[in-house]
Amino acid sequence: MPTPTDPTVPAPREAAPSSSAETPVIEFTDVEKRFGDNVVLKDLNFTVSRGERVTLIGPSGSGKTTILRLVMTLEELTGGYIFIDGEPLTHEERNGKRVPVSKKRQKALRTRIGMVFQQFNLFPNMTVLENIIEAPIHVLGRPKKDAIEHAHSLLEQVGLPDKADAHPTSLSGGQQQRVAIARALAMDPEILLLDEVTSALDPEVVGDVLNILREVADTTNVTMLIVTHEMGFARDVSHKVMMFDGGRVVEEGHPDKIFTNPEHERTQKFLGAVLGHN
Amino acid sequence: MDWFEDWPQYFEALNNFSERLIDGLLTTIQLTLLGGALAFVVAVVLGLMAGSPSLWVRGPARVIIEFFRGISLLVLLFWMVYVLPLFWMANPGLPGEDFVRNNFLIGITALGINYGAYGAEAVRASLTTVSKGQWEATTALSMSWPHKMRRIIFPQAWALMIPSLTNLWVHLLKGSAIVYILPGINDLTFELDNLRRPTDIWFSHAFVGLVSYFILALILTLFMQILEARAKHKLGRGPSLREILSPDPKAAPPDAAVPVQQDAAQAKEGK
Ligand SMILES: Nc1ncnc2c1ncn2[C@@H]1O[C@H](COP(=O)(O)OP(=O)(O)OP(=O)(O)O)[C@@H](O)[C@H]1O
Ligand SMILES: [Mg+2]
């Protein structure tokens, strides 16, 4: 697939990972999600390959957040299956029946997944450094010294090398979100879920946070599932854009195609409305 | 006011009784500290259970909480001292006999269970104030339940539950007087009753008693306020203890000095 060069991207984007025989990193099979009687996702099927960065777009209430939350096991899956690296995340089929997987197996898969939230959700009872090293030490069992070293290099990467001992409450929103990104990366996730990570930020700091994520995209092979209203960012970093409406995929494809030449009327209308504001 | 005419003699009586009064005071302090410690453990365990999403955990906790809040401490003590031993009388050799014969332990246990049941509500309610986002962040980091509780959720709820727990603890201090119905437990109230005989009720209870219990309650409250200030500071809300205790408030303007002082306090507290 040809990629256009973009001046805002420091390094040229590598080609989209081929969806060949390799097991997908994320696979949704006949996923259904209901909240009570409200069916939010229905018969949803898609795969994400290793290293692929996929942006989900669609109108409010179309289920984008729900998809990320299902992958993070923050919502209960009411139907179908989700596979991470080919292994069932929440339920599996055994003897023709849909049964929950063991907590232990779920946890093993979950440690490969990281998430950054719209509202940062840093732990206020810990310093920035403690926020970052807590899970690597106590969940992954990393030696404390290594975890601290790694944390400092991540803080460097997100541009906050001098904030290790600060309290989250003393930081601005943009700084808090950068710490949250560092905290998620400290777990060395295979999959990074980003749900509107700049929506709660002041406009002037949005660019900083997006640049950090661009750099993460360029320098690592982490698979990303992104929900954002920043279409420029989506276009820069993603290999694939999926347009949702009514809990289904309306259209998917390379960002250049989706953003410049969308096939479906729903996509055209949605993009018209979103890009019209910019 | 002829009440006070006899008070010089009364102070002499107080002096003669001082040894016994101090013994009583120590008993009351022991009941308050040990009963309070047990109540805290009971409150945390029941409070965590009562906040569980699983009905199998929440249900039993609710029954225990409501039961022990419902029966009065007096009835509970009465049962533990006069009814419980009957089981051991009927079945000699049953383990735990030392416990049912130890009135001091029974007093502590009754206080702990009774006030713990009240405290459980404070614990449960404070835990619900920790935002959903905090829980979700712990899930996203794959923390186990005990881990997230101990390191993330409970420390945040802690600052909020301290005022309620302080109230209950002061209540427990005063409520500990009821334990004097147990044979052999001579707490402060019991000794005040003895002091009343050579003096009068105004001197013993309304004066000596009032002052003693008031001072004890004051110490408890101050101690808990220190804990609260410390807990709030850890959450990044409010000044550090050092700033609060600083003799010259201007030397430490709450905002400007926070980063530096905070770090210093943190480093000290940390290990
Ligand atoms: N906890 C919940 N309980 C009930 N309904 C919910 C819950 N969470 C989401 N929903 C419903 O699911 C649907 C999809 O919500 P979701 O948050 O996934 O949408 P979204 O695409 O992320 O929208 P937005 O762009 O506004 O963030 C909505 O109709 C919403 O009302
Ligand atoms: Mg959303």
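Note that these values count all heavy atoms, side chains included, but never hydrogens, waters or copies made by symmetry. Note that the structure is predicted; figures quoted are calculated from it, not measured. Chain letters run A, B, ... following the sequence lines, proteins first and then strands; every chain starts at 1.
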**Asked** With a cut-off of 6.0 Å (strictly less than), are more than 12 heavy atoms of other residues, nucleotides or ligands near NZ of A:Lys107?
**Response** yes

**Item:** Side chain, backbone, both or neither of A:Phe117 within contact of chain B (heavy atoms, under 4.5 Å)
**Value:** side chain

**Message:** Is A:Leu193 in contact with chain B via its backbone, its side chain, both, or neither, using a 4.5 Å heavy-atom distance?
**Reply:** neither

**Message:** Heavy-atom cut-off 4.5 Å, strictly under: side chain, backbone, both or neither for A:Ile113 against chain B?
**Reply:** backbone

**Asked** Which of the residues A:Gln106, A:Arg183, A:Met187, A:Lys103 is involved in the greatest number of heavy-atom pairs with chain B at under 4.5 angstrom?
**Response** A:Arg183

**Message:** Pairing donors with acceptors under 3.5 angstrom, does anything connect the side chains of A:Glu134 and B:His147?
**Reply:** yes

**Item:** Distance-only side-chain donor-acceptor flag, A:Thr73 / A:Arg110, under 3.5 Å
**Value:** yes

**Message:** Counting heavy-atom pairs under 4.5 Å with chain B, which one of A:Met115, A:Gln118, A:Met72, A:Gln119 comes out on top?
**Reply:** A:Met72

**Prompt:** Do the side chains of A:Thr90 and A:Glu76 get nearer than 4.5 Å, heavy atoms only?
**Reply:** no

**Message:** What I want to check is whether the side chains of A:Thr127 and A:Asp165 have a donor and an acceptor closer together than 3.5 Å.
**Reply:** no

**Request:** Could you look at B:Lys232 and say if it's the side chain, the backbone, both or neither that has a heavy atom under 4.5 Å from chain A?
**Result:** neither

**Prompt:** For B:Arg151, is it the side chain, the backbone, both or neither that has a heavy atom under 4.5 Å from a heavy atom of chain A?
**Reply:** both

**Asked** Between A:Glu32 and A:Thr78, is any side-chain donor less than 3.5 angstrom from a side-chain acceptor?
**Response** yes

